[in-house]
Amino acid sequence: LSVTPNVVYTSIAGHDPVPQARIIGSIECPRLEGIRNVNFLIDSGSCFTTLLSYDVVTLGIDWKSLPIATFMCRGANGVCFRPRILPDVKIHLTSNVGVPIPEVVFELPFINVVEPLKNLRDDPDPYSVLGMDVLCNFPIWRWQSDKLFLLK
Amino acid sequence: LKPKEKKKVPAAIGKARDNVDFADLIEERRQLQLDYVWIFQQRPSLQKDFVNKYVAVRNKEVIVSALDVQSLMRRLRKKGLRTDEVAVEFLSEHPVCCQL
C-alpha cells in the first residue's frame, strides 16, 4: 500500500520554500450525493480528517444539521472549538502499488466538519486536511527529491 | 404577519454519480493532480492575470475565474461542471503559509 501526494512549495520572501504535500482523495458518505473529490493537505498534526470552509460550501454540506462533537479541537491559532461530525465516511485514495486493486478505501466512523466562515475570503484556500485517522495507516514516510511517499 | 417559510436546504449540491466506475474515478483524480501541478508551475504568470481570484483549471487551461466561491460555483454550473471536477486554487497576492 503506497500513495504519493503532490508536493507544492510556498515561498515567502527571505525564507526558504516550505513544502506542502497534498493529495486528491474522494469522499463518500450517506450525507453526500455520489462520490466527491477533495484536495487534502497532508496534516500529521491533525488527529482527524477535517473538511474546511471551502469544501463544506462547495460540496453543499448541510453542516447545520450535523451533530456537534462531544470533544473539543484546538486549531493552529490556539482557539478551541467543537467541530461538527459527518458520520460514516469512506475516503478513497489511489494506491501506487498493487495494480489489481489501485483504489484504497478507508472507512471512518466520522470526519470533522468546521463551520464555514461567513466571509470565505478570510480562509480562501480550497483544501481540507487529511488527518492521522487515515495517515496512521502509513507508518513509513519517505521524502525523495520533490516527492513524499506514504508507505505501508 | 405571516411567518417566514423556512427554506429547505438540499443535503448536497450537484448531480449524483451513481454506479461510479472506479477506473474513471482514479483517472479523474489523476487528471486533477496534473492540473494542480500545472497551477503550481504556472503560478507566477497566473498570479499576474488572476490575482486574489479563484481559478478553475481543466486540462491545463483556466476555464473560470471568480472573486468569490459563490460566483465560481455559479459559473462552473453554467458549464455543467462541479467544483470537485476541476482543479481550483485561490491565487492570493501574498503567499500563504500553513500553520497546522
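Hydrogens, waters and symmetry mates play no part in the numbers below; they use all other heavy atoms, side chains included. Chain naming here is simple, since letters A, B, ... match the order of the sequence lines and numbering starts at 1 in each. Remember, it's a predicted structure, so these values are computed and weren't measured experimentally.
- Taking hydrophobic clusters as Ile, Leu, Val, Met, Phe, Trp and Tyr residues chained together by side-chain heavy-atom distances below 4.5 Å, A:Leu108 shares a cluster with A:Phe40.
- Atom CD1 of A:Ile35 and atom CG of B:Asp84 lie 11.0 Å apart (nearest 0.5 Å).
- Contact of A:Asn6 with chain B is made through backbone and side chain together, with heavy-atom distances under 4.5 Å.
- In this structure the side chain of A:Thr94 never reaches within 4.5 angstrom of the side chain of B:Leu25, judged on heavy atoms.
- Interface remark: B:Leu76 contributes no atoms to any contact with chain A (heavy atom separation under 4.5 Å).
- Between the CD1 atom in A:Ile24 and the CG atom in B:Asp35 there is a gap of 9.0 Å [rounded to 0.5 Å].
- By the criterion of side-chain heavy atoms lying less than 4.5 angstrom apart, applied directly or through intervening Ile, Leu, Val, Met, Phe, Trp or Tyr residues, A:Val89 is grouped together with A:Met132 in one hydrophobic cluster.
- We find the OH-OH distance between A:Tyr54 and B:Tyr54 to be 7.0 Å, quoted to the nearest 0.5 Å.
- Scanning both residues, A:Asn37 and B:Glu28, for their nearest heavy atoms gives ND2-OE2, 2.6 Å.
- Looking at heavy atoms from C-beta onward, A:Val57 lies in side-chain contact with B:Gln70 at the 4.5 angstrom threshold.
- Hydrophobic clustering (side-chain heavy atoms under 4.5 Å, transitive across Ile, Leu, Val, Met, Phe, Trp, Tyr) groups A:Leu135 together with A:Val7.
- Atom-to-atom distance recorded for A:Ile23:CD1 and B:Arg29:CZ is 8.0 Å, nearest 0.5 angstrom.
- Side-chain heavy atoms closer than 4.5 Å link hydrophobic residues (I, L, V, M, F, W, Y) into clusters, and following such links, possibly through other members, connects B:Val88 to B:Ile63.
- Looking at A:Ser46, there are no atoms closer than 4.5 Å to chain B (heavy atoms on both sides), in backbone or side chain.
- Proximity to chain B (any heavy atom under 4.5 Å) is restricted, for A:Thr4, to the backbone atoms N, CA, C and O.
- Hydrophobic clustering of Ile, Leu, Val, Met, Phe, Trp and Tyr side chains at less than 4.5 Å, counting indirect connections, unites A:Trp141 with A:Leu130.
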